[in-house]
Each structure stands twice: as structure tokens, then as C-alpha cells.
Amino acid sequence: MEEVKTPGAMEEEDKVYVPGSPEDLARFFAKVKTTESDALSAKHLDWGWKVLGPEDGAALAHVISKNKTCITLDLFVNEIFEEAGVAVGKALASNMVLKSLDLQQAQVGVPGAKAIAAALKANIPLMNLKMHYNHLGPEGVGAIAEALKTNDKLTNLDLGDNGMMKEGVQALAAMLQKNTKLMRLDCSKNAGLWGDDAMKGVLTKAGEQHDAARKKAKKLIPQDELPFKLLMEDSPGQMWSPNGFVNVVKYPKQRRPKTNRDEPVVI
């Protein structure tokens with residue numbers, strides 16, 4: 001039976017708040033089922049699968065800017081899109097405590113990637129960044145790669161299924177020849193790599209040079225002792241075009257073999 005909403009409930013859902021206003025923050029904290037006090041003092045925030053969207057960008061930025069103890073923020077599978085992604089990136093630039101950020105399937109796009117790249121250029125203490133399936137394309141991947149030429153904090157980066165294309169692969173290869181801190185790079189399911197042995201070879205060679213440089217570099221944290229790991233799962237991902245992302249790779253339909261219904265069933 002379909003739920004019938006009361007007029008009061010419908011009015012509450014239809015309200016539009018000024019982003020970042022007390023009313024907007026109250027709405028957000030009710031959505032993630034926590035208090036503002038707890039959100040701004042928690043060491044770990046697990047807000048994956050919370051149906052967050054573009055309207056939550058200002059509130060997320062508020063938490064990232066104001067929480068001085070949180071080291072792990074999980075926002076996976078929340079499609080916040082570009083504007084909120086930019087807000088998150090700008091807030092990151094002033095956060096000096098966060099170590100791990102999971103933005104898988106946030107779809108922050110190129111603008112979000114550029115804002116996050118700017119934060120990485122500021123050498124924030126972030127060590128783990130997961131950006132699988134974020135519609136970054138070659139431009140967004142290139143922005144992240146450029147930032148990591150000078151960033152010496154990030155050790156783990158997931159850029160899987162972002163349609164990085166050859167330009168993104170080349171940008172990452174150039175970055176790996178300058179960066180000595182990255183310990184793990186996941187480029188799985190990326191158009192520009194899958195099915196292209198030449199481009200996989202470019203990234204593999206850059207990874208080998210990166211690993212050699214890591215071995216020679218001064219060791220400051222335990223992760224510096226670990227060998228570099230490059231992941232390139234060779235399976236289709238989303239294709240990128242200047243007009244946006246398109247799914248051009250289709251899996252063949254699996255059909256059951258035809259059988260004669262009159263034939264006896266063997267048990």
C-alpha cells in the first residue's frame with residue numbers, strides 16, 4: 001500500500017533553506033541522524049549510503065571545516081554532484097586533521113576534482129582518497145595528478161571507473177615520475193586503459209620508476225617502506241566525451257539455450 005503523507009510532512013519536505021543556515025544544518029543533521037555537537041567532535045564519521053545530494057554541500061563543508069578531531073570521513077554512494085563537490089574540496093583546504101576521505105560514487109565531476117586538487121596542492125594531511133566513479137574524465141584526473149606532483153602526504157588513491165582516457169593516463173604517468181609518496185594507485189575499469197596494452201605499458205613503466213624513486217627517498221612514515229602497488233583491472237568502465245559520460249560498452253545478453261519442452265526432464 002502506498003504511503004499517504006500528511007500535509008505537514010509534505011510541507012516539511014518542500015521547504016527550501018539557505019545553504020549553511022541554522023535551519024539548513026538542522027535539516028542535514030536530522031538526515032544523517034546525529035547532533036551537530038556529535039558531528040563536530042566525532043573521530044570517525046560514517047555517512048555512506050545516506051542519500052546525500054547537492055543540497056547537502058554547505059552542511060558537509062561546515063562539518064569538514066569545523067571538526068578538528070575527525071580523521072575518517074566516509075561519504076561513499078552519495079551523489080552530491082559538482083556544486084557540493086566543490087564545497088567539499090574548498091573545505092578540505094583548511095582541514096588539517098582528516099586522514100581518509102571516501103567519495104566513491106559521489107559524481108563530483110571536473111569542478112569537484114579541481115577543488116579537491118587545490119586542497120591537495122595545499123599539502124593537507126590527507127593520506128587516503130577514494131574517488132571511484134566520480135565522472136572526472138581526463139581533465140579531472142589530470143588536475144588530481146598535477147596536484148600530486150608536489151603533495152607529499154597522500155599514499156592511497158582510487159581513481160577507478162572515471163573515464164580517464166589516454167590524456168588522464170599520461171597525466172598520471174608524468175605524476176608518478178615526480179611523486180615519491182604514493183603507495184597505491186587504483187586505475188581499474190578506466191576507458192583509456194582497458195584493452196590498450198600500449199597505455200597500460202606507459203603507466204606500468206612510470207610505476208616502476210616511481211617505485212625505484214620511493215626506495216631511494218627518505219623514509220618518514222611506515223608506509224614509505226611499502227612497495228608501490230598499481231591496480232589496472234582490465235574491464236570496461238564508463239566512456240568520456242566532451243559532452244559528458246556515455247555508456248558505450250554493453251554486455252551481451254545471456255540467453256538460455258532453447259530446449260524442447262516435450263523432452264523428458266532428466267533428474
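Residue numbers run from 1 in the order of the sequence given. Since the structure is predicted, the reported quantities are computational estimates derived from the model, not experimental observations.
- The two atoms that bring Asp234 and Trp194 nearest to each other are OD1-CA, 2.8 Å, heavy atoms only.
- For the atom pair NZ of Lys130 and OG of Ser100, the computed distance is 6.5 Å after rounding to the nearest 0.5 Å.
- Put simply, the side chain of Asp102 does not reach to within 4.5 Å of the side chain of Leu73, judged on heavy atoms.
- Rounding to the nearest 0.5 Å gives a distance of 12.5 Å between CD of Glu225 and CE of Met183.
- Atom CG in Leu40 sits 8.5 Å away from atom OG1 in Thr69 (nearest 0.5 Å).
- Neither side chain, Thr150 nor Asp152, offers a donor N or O lying under 3.5 Å from an acceptor on the other.
- Sequence neighbours left out, not one pair with a member in residues 95-114 passes ring-ring contact (aromatic ring centres under 6.0 Å, His included).
- In this structure, Asn190 contributes its side chain and Cys187 its backbone to a donor-acceptor pair below 3.5 Å.
- Rounded to the nearest 0.5 angstrom, Ile80 CD1 and Gln107 CD are separated by 10.0 Å.
- Applying the 6.0 Å contact sphere to CD of Glu36 captures more than 12 heavy atoms from other residues, nucleotides or ligands.
- Side-chain contact between Lys31 and Lys50: absent, with no pair of heavy atoms (C-beta onward) separated by less than 4.5 Å.
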Residue pair His62, Leu25: steps toward the side-chain contact (heavy atoms from CB on, under 4.5 Å) verdict: CA-CA 9 Å; His62 172 77; Leu25 295 177; 3.9 Å; yes
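- Of the possible polar contacts, none joining the Arg214 side chain to the Asn179 backbone as a donor-acceptor pair under 3.5 Å is found.
- A donor-acceptor contact closer than 3.5 angstrom links the side chains of Thr35 and Asp38.
- In this structure a side-chain-to-backbone donor-acceptor pair under 3.5 Å is missing from Lys229 to Leu226.
- Proximity of Glu83 to Pro54: side-chain heavy atoms (C-beta onward) are nowhere separated by under 4.5 Å.
- In the hydrophobic clustering of ILVMFWY residues, with side-chain heavy atoms under 4.5 Å counting as a link, Phe81 and Val86 come out apart.
- A heavy-atom distance below 4.5 Å is not found between the side chains of Cys70 and Lys43.
- When all heavy atoms of Asn151 and Ile124 are compared, the closest pair comes out as ND2-O, 4.3 Å.
- Residue Lys166 qualifies as open at atom NZ: its count of foreign heavy atoms under 6.0 Å is 12 or below.
- Hydrophobic clustering of Ile, Leu, Val, Met, Phe, Trp and Tyr side chains at less than 4.5 Å, counting indirect connections, keeps Phe28 apart from Val51.
- Contact detail for Ser65 and Ala91: the closest heavy-atom pair is OG-CB, 3.5 Å.
- Formation of a donor-acceptor pair under 3.5 Å by the Asp211 side chain with backbone atoms of Pro227 is not found in this model.
- Under a cut-off of 6.0 angstrom, the local environment of NZ in Lys153 is crowded, with over 12 non-hydrogen atoms contributed by other residues, nucleotides or ligands.
- Checking side-chain atoms of Asn128 against main-chain N and O of Leu101 turns up no donor-acceptor pair under 3.5 Å.
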Step-by-step salt bridge (charged side-chain N to carboxylate O under 4.0 Å, His left out) determination, Glu146 to Lys149: CA-CA 5 Å; Glu146 186 64 28; Lys149 287 181 178 179; 3.2 Å; yes
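- Transitive grouping of hydrophobic side chains (ILVMFWY, heavy atoms separated by less than 4.5 Å) brings Phe228 and Leu157 into a common cluster.
- Checking side-chain atoms of Asp196 against main-chain N and O of Met199 turns up a donor-acceptor pair under 3.5 Å.
- Side-chain atoms of Val108 and Val88, non-hydrogen and from C-beta on, never get closer than 4.5 Å to each other.
- In this structure, Met127 CE and Ile71 CD1 are separated by 10.5 Å, a value rounded to the nearest 0.5 Å.
- Between the side chain of Asn78 and the backbone N or O of Leu52, at least one donor-acceptor pair lies under 3.5 Å.
- Other residues, nucleotides and ligands contribute over 12 non-hydrogen atoms within 6.0 Å of the NZ atom of Lys219.
- Note that CG of Leu129 and NZ of Lys99 are 14.5 Å apart. Values are rounded to the nearest 0.5 Å.
- Using a distance-only test at 3.5 Å, with no hydrogens or angles considered, no donor-acceptor pair links the side chain of Asp46 to the main chain of Asp74.
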Residues Asp186, Leu159; criterion side-chain contact (heavy atoms from CB on, under 4.5 Å); working and verdict: CA-CA 6 Å; Asp186 192 342; Leu159 292 175; over 6 Å; no
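- Put simply, the side chain of Val169 does not reach to within 4.5 Å of the side chain of Met165, judged on heavy atoms.
- Minimum interatomic distance between Leu136 and Met131 (heavy atoms only, all atoms of both residues): CD2-CE, 4.0 Å.
- Hydrophobic clustering, with ILVMFWY side chains joined whenever heavy atoms are under 4.5 angstrom apart, keeps Leu92 apart from Val110.
- Looking at every heavy atom in both residues, Gln104 comes nearest to Asp158 through OE1-OD2, 4.1 Å.
- Taking both residues in full, the closest heavy atoms of Ala206 and Leu176 are given as O-CB, 3.9 Å, listed atom of the first, atom of the second, then distance.
- Tracing side-chain contacts under 4.5 Å through hydrophobic residues (I, L, V, M, F, W, Y), one reaches Phe29 starting from Leu75; they form part of the same cluster.
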side-chain contact (heavy atoms from CB on, under 4.5 Å) between Lys218 and Asp224, intermediate numbers included: CA-CA 8 Å; Lys218 185 177 181 180; Asp224 291 340; over 6 Å; no
Worked check of side-chain hydrogen bond (donor to acceptor under 3.5 Å, both in side chains) between His135 and Gln238: CA-CA 8 Å; His135 288 193; Gln238 278 206 321; 3.1 Å; yes
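- By the neighbour-count criterion of 12 heavy atoms within 6.0 Å, atom NZ of Lys90 is sparsely surrounded, having that number or fewer from other residues, nucleotides or ligands.
- Put simply, the side chain of Asn134 gets close to the backbone of Leu103: a donor and an acceptor are under 3.5 Å apart.
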Verdict with reasoning, Glu55 to Arg27, per side-chain contact (heavy atoms from CB on, under 4.5 Å): CA-CA 10 Å; Glu55 70 279 6; Arg27 173 203 59 80; 4.0 Å; yes
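- Not one N or O on the side chain of Asn162 forms a donor-acceptor pair closer than 3.5 Å with the backbone of Met164.
- Enclosure of atom CD in Glu139 is not indicated, since only 12 or fewer non-hydrogen atoms of other residues, nucleotides or ligands lie within 6.0 angstrom.
- Looking only at side-chain heavy atoms (C-beta outward), Asp24 and Val18 stay at 4.5 Å or farther from each other.
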